[in-house]
Amino acid sequence: MDLSKGRVMSSVSPSLPLVEPVQLAVRGMTCAACVGRVERALRKVPGVQEAQVNFATEIASVTWRPEASAPNPAGLVSAVEDAGYHALVHQPDAPVVEEVVPWWDVWGAVMLGGVASLPLVLPMLFGVHHFWPAWVQFALATPVQFGLGARFYKAGWAALKDGSGNMDQLVALGTSAAWSLSCWLWWTHAQSAHAAHGGPDLYFESSAVVITLVLLGKALEARAKRQTTAAIRALQALRPDTVSRLGPQGEVTVPLSQVLVGDTLIVRPGERIPTDGTVTEGSGHVDEAMLTGEPLPVAKNQGDRLTGGAINAEGRLVMLVTAVGGQTMLAHIIRRVVDAQATKAPIQRVVDRVSAVFVPAVLVVALLTGLGWWWQGAGGELALIRAVAVLVIACPCALGLATPAAIMAGTGAAARQGILIKDPQALEVAHRVQVVAFDKTGTLTQGHPRLIDWQVAQAPSVSSLSGWDKPQALRVAAALQSGSEHPLARAVLEAAKGLAPLAAQAVQAMPGRGVVGRLTSEVGGEVAEAAGAVALAGDWGLGSARWVEEQASPVAPALKAQADAWAASGSTVSWLMRQTQVADGEPAWQVMAAMAFGDELKPGAAQAVARLHALKVRTVMISGDNRGAAQAMASRLGIQQVVAEVLPGDKADHIQRLQQGEGGQRLTVAMVGDGLNDAPALAAADVGMAMANPEGGTDVALQAAGITLMRGDPMLVPAALEISRRTSAKIWQNLAWAFGYNVVGIPLAAFGGLNPMLAGAAMALSSVSVVTNALWLSRWKPVRIA
């Protein structure tokens, strides 16, 4: 077990069950150049299709060609070891724990370097350069150079054998040059006839201080990098170690790992929900803030879903386990955050190409600097010091950390607010979104419509139906919807409670149109006694206006006027029809009643639209409702464009039309839906935002879109765009810092503006400043509009 960098790794075993992609924890990388070296080594392994290494997380993700044989983790580990680094197979679901390392192991080398370097630096602060004899300076600097600095020689030599360059080579070359020059000046002065006339100018302090500062910078960098995994550690801490299981022997405390699907667990007030399940007994409120960002506890009653990791705020709950281990919602969330932080952003590929040539370029600049000063007559001693300063100031570490540190901080902050970002590609595209298209039902509305009103047709053609009235119409509609889970079906069944039921057979759903079925005169095998039951027997349908138009079914003027009034007010209208025989013997559908359904807006829907407009993002509603209902709802929300009467399968086509824009200008479009019937549209959009459905399907939502909103709050949509913009800004700020240090520092060092000690301090500060700048994202919270 290796606890370095805050992760727990498994031992390498050929029999270890692995899934694609294979992940390795890589240790020993010191800069972005090392990343390219490890990736090249992994890509040479037979069967490897692609290898990506994240410098900030120190995780390598390796995918295999489809036609290749089974993954070979031992071969991957061997390839990394041959490249001069250490690797272990990493389990994505393994706990990310806070690194517990003795203080001395972290800061011991820095302390020893400081103790040895401080006496060398203090005299210089008072303008005295020859305070210590040469042998004292040698005795203080040499253990630092070859003891504490041994790691730089080892890593630099390994990279040299591989034909590549890294930061360790720059540090080793620069400090070795300063130490060697000091030894040479000391020896030549001792051999000269003027040895009694004071000591020479030695540079032992430069070699010792530079190594100490580099070690200090790496320690601070590692500490800051560990803070970027705080979001994952916080999520994994939501799993309790033990649970109370109810069995034949009564209530027994067992480890969470022993819980199986179908077990019955007891959760007392104040305890965490151990895994996913449903409430079988009891009621209370559950705090799901760490999972969904919802600040208020959610009421739970019998039959409601429970998500592992939430806190039972009150009431004793008995739950039936429906998922364990890696199949739980918490495991899916953790995996999504880990994958997002481990994947390389597109901009990072450009940085990696720059880093690959960075070290050789610096070596050339350092050589030219030394030759230039020597040619100008500065002497070999000063020329070498200028070249050393160039080697020391040039550090590619910050380049390697700029992008992944920002992504880790940004995705972690988003996860704490209930926004799961699938990968850096989704994060990078989201900040460029110009249009947001919303599904209506379940996204902007509660998704639980109710039957507001209904009217029956009054015409001679329906006079043959004995007692045809509103209750009869409701009974027929309820019979057709008795087996459906559609939101409108539930509204009909809720309104029909208390009425004598009718039976329907051969019920068939017609996507985008409605449902058809045959009514019988029997209920549960017995003859129905309700008046009119026999007369109502026959083929019936309940569907949309599109279906009525396709069947060319006539509608009574009074009924049509009422339906138009409902639609104008924002209600969804469904039509109840009966199949009858016409004069020529062909069956036809006859409109018998109209039903109006209304859905309440979600709290925050209007505020979310207003926030998007403030972010200069255009809003569109794509709905299957009739145009009047969709337009009325859009007017209430302030949505700028409405696309109505759209079949679920056609939503993707409308997304593509939005992407085309006007005048041939390509637009970046985000689609917001529930992640189930909107899956094609979510996939067609540049960024799909799946809003988790409390009725189920959240696991599908996690796979359907680039961004998953873990609670049904429309304000998470502008929040996702905001964190994307902030993260993108941090990436470019970090890259500006990283390149700025080198663009400014290297010329300064080359022209004599920096000595090796100041160069070492600037190099150490560059990496720390980049990571610290990224960590400001951890404080991000979405904007709230009253």
Side-chain angles (χ1 to χ4, degrees), residues 438-456 470-497 499 501-502 504 507-517 519 540-551 553 555 559 562-578 589 591-602 621-633 644-649 651 673-674 676-678 691 693-697 712:
F438 288 96
D439 172 53
K440 181 176 77 71
T441 304
T443 303
L444 293 171
T445 66
Q446 297 283 5
H448 301 289
R450 58 187 179 90
L451 182 60
I452 299 174
D453 196 4
W454 69 102
Q455 295 291 338
V456 298
K470 292 180 66 174
Q472 290 280 46
L474 184 57
R475 293 174 62 220
V476 172
L480 293 175
Q481 301 284 26
S482 60
S484 175
E485 293 296 328
H486 193 279
L488 297 185
R490 290 197 293 268
V492 171
L493 295 174
E494 180 68 25
K497 284 183 178 180
L499 297 178
L502 295 174
V507 177
Q508 181 180 359
M510 303 176 64
R513 290 165 176 81
V515 61
V516 296
L519 266 66
W540 290 80
L542 181 64
S544 64
R546 174 192 292 270
W547 189 22
V548 174
E549 293 173 359
E550 290 175 350
Q551 299 299 325
S553 302
V555 182
L559 193 61
Q562 180 61 71
D564 290 342
W566 285 333
S569 65
S571 298
T572 298
V573 179
S574 292
W575 301 87
L576 183 64
M577 298 190 294
R578 186 188 189 193
W589 289 100
V591 174
M592 305 297 295
M595 294 184 164
F597 297 88
D599 194 1
E600 294 297 324
L601 286 176
K602 283 186 175 180
M621 177 193 291
I622 302 179
S623 174
D625 286 349
N626 65 77
R627 181 165 299 278
Q631 189 65 57
M633 185 66 71
E645 301 176 0
V646 179
L647 294 176
K651 288 185 179 181
D674 62 10
L676 296 173
N677 58 347
D678 295 316
M691 189 171 286
N693 186 350
E695 300 298 329

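Along the sequence shown, residues carry numbers from 1. All of these numbers come straight from a predicted model, not from anything done at the bench.
- Interatomic distance, Lys602 NZ to Thr445 OG1, rounded to the nearest 0.5 Å: 7.0 Å.
- Within the 4.5 Å cutoff, side-chain heavy atoms of Leu542 are placed close to those of Gln481.
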TODO: Would you please test Gln472 and Val456 for side chain to side chain contact (heavy atoms under 4.5 Å, CB included) and show each step?
DONE: CA-CA 9 Å; Gln472 290 280 46; Val456 298; over 6 Å; no
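- At a threshold of 4.5 Å between non-hydrogen side-chain atoms, the residues Glu494 and Leu451 do not count as touching.
- Shown here for Leu559 and Ala594, the closest heavy-atom pair between the two residues is CD1-CB, 3.9 Å.
- The shortest side-chain heavy-atom distance between Leu480 and Val492 does not fall under the 4.5 Å cut-off.
- Taking both residues in full, the closest heavy atoms of Pro449 and Ala491 are given as O-CB, 3.1 Å, listed atom of the first, atom of the second, then distance.
- Leu488 is not listed as a side-chain neighbour of Met595, based on a closest heavy-atom distance of 4.5 Å or more.
- Scanning both residues, Val555 and Val591, for their nearest heavy atoms gives CG2-CG2, 3.8 Å.
- To the nearest 0.5 Å, atom CZ of residue Arg475 and atom CG of residue Leu502 are 4.0 Å apart.
- Looking at heavy atoms from C-beta onward, Leu601 lies in side-chain contact with Met633 at the 4.5 angstrom threshold.
- The two atoms that bring Trp454 and Trp566 nearest to each other are CA-CH2, 3.8 Å, heavy atoms only.
- Taking every heavy atom of both residues into account, Val507 and Val515 meet most closely at CG1-CG2, 3.4 Å.
- Scanning both residues, Gly541 and Trp547, for their nearest heavy atoms gives CA-CH2, 3.7 Å.
- One finds the NZ atom of Lys470 at 4.5 Å from the CG atom of Asp453 (value rounded to the nearest 0.5 Å).
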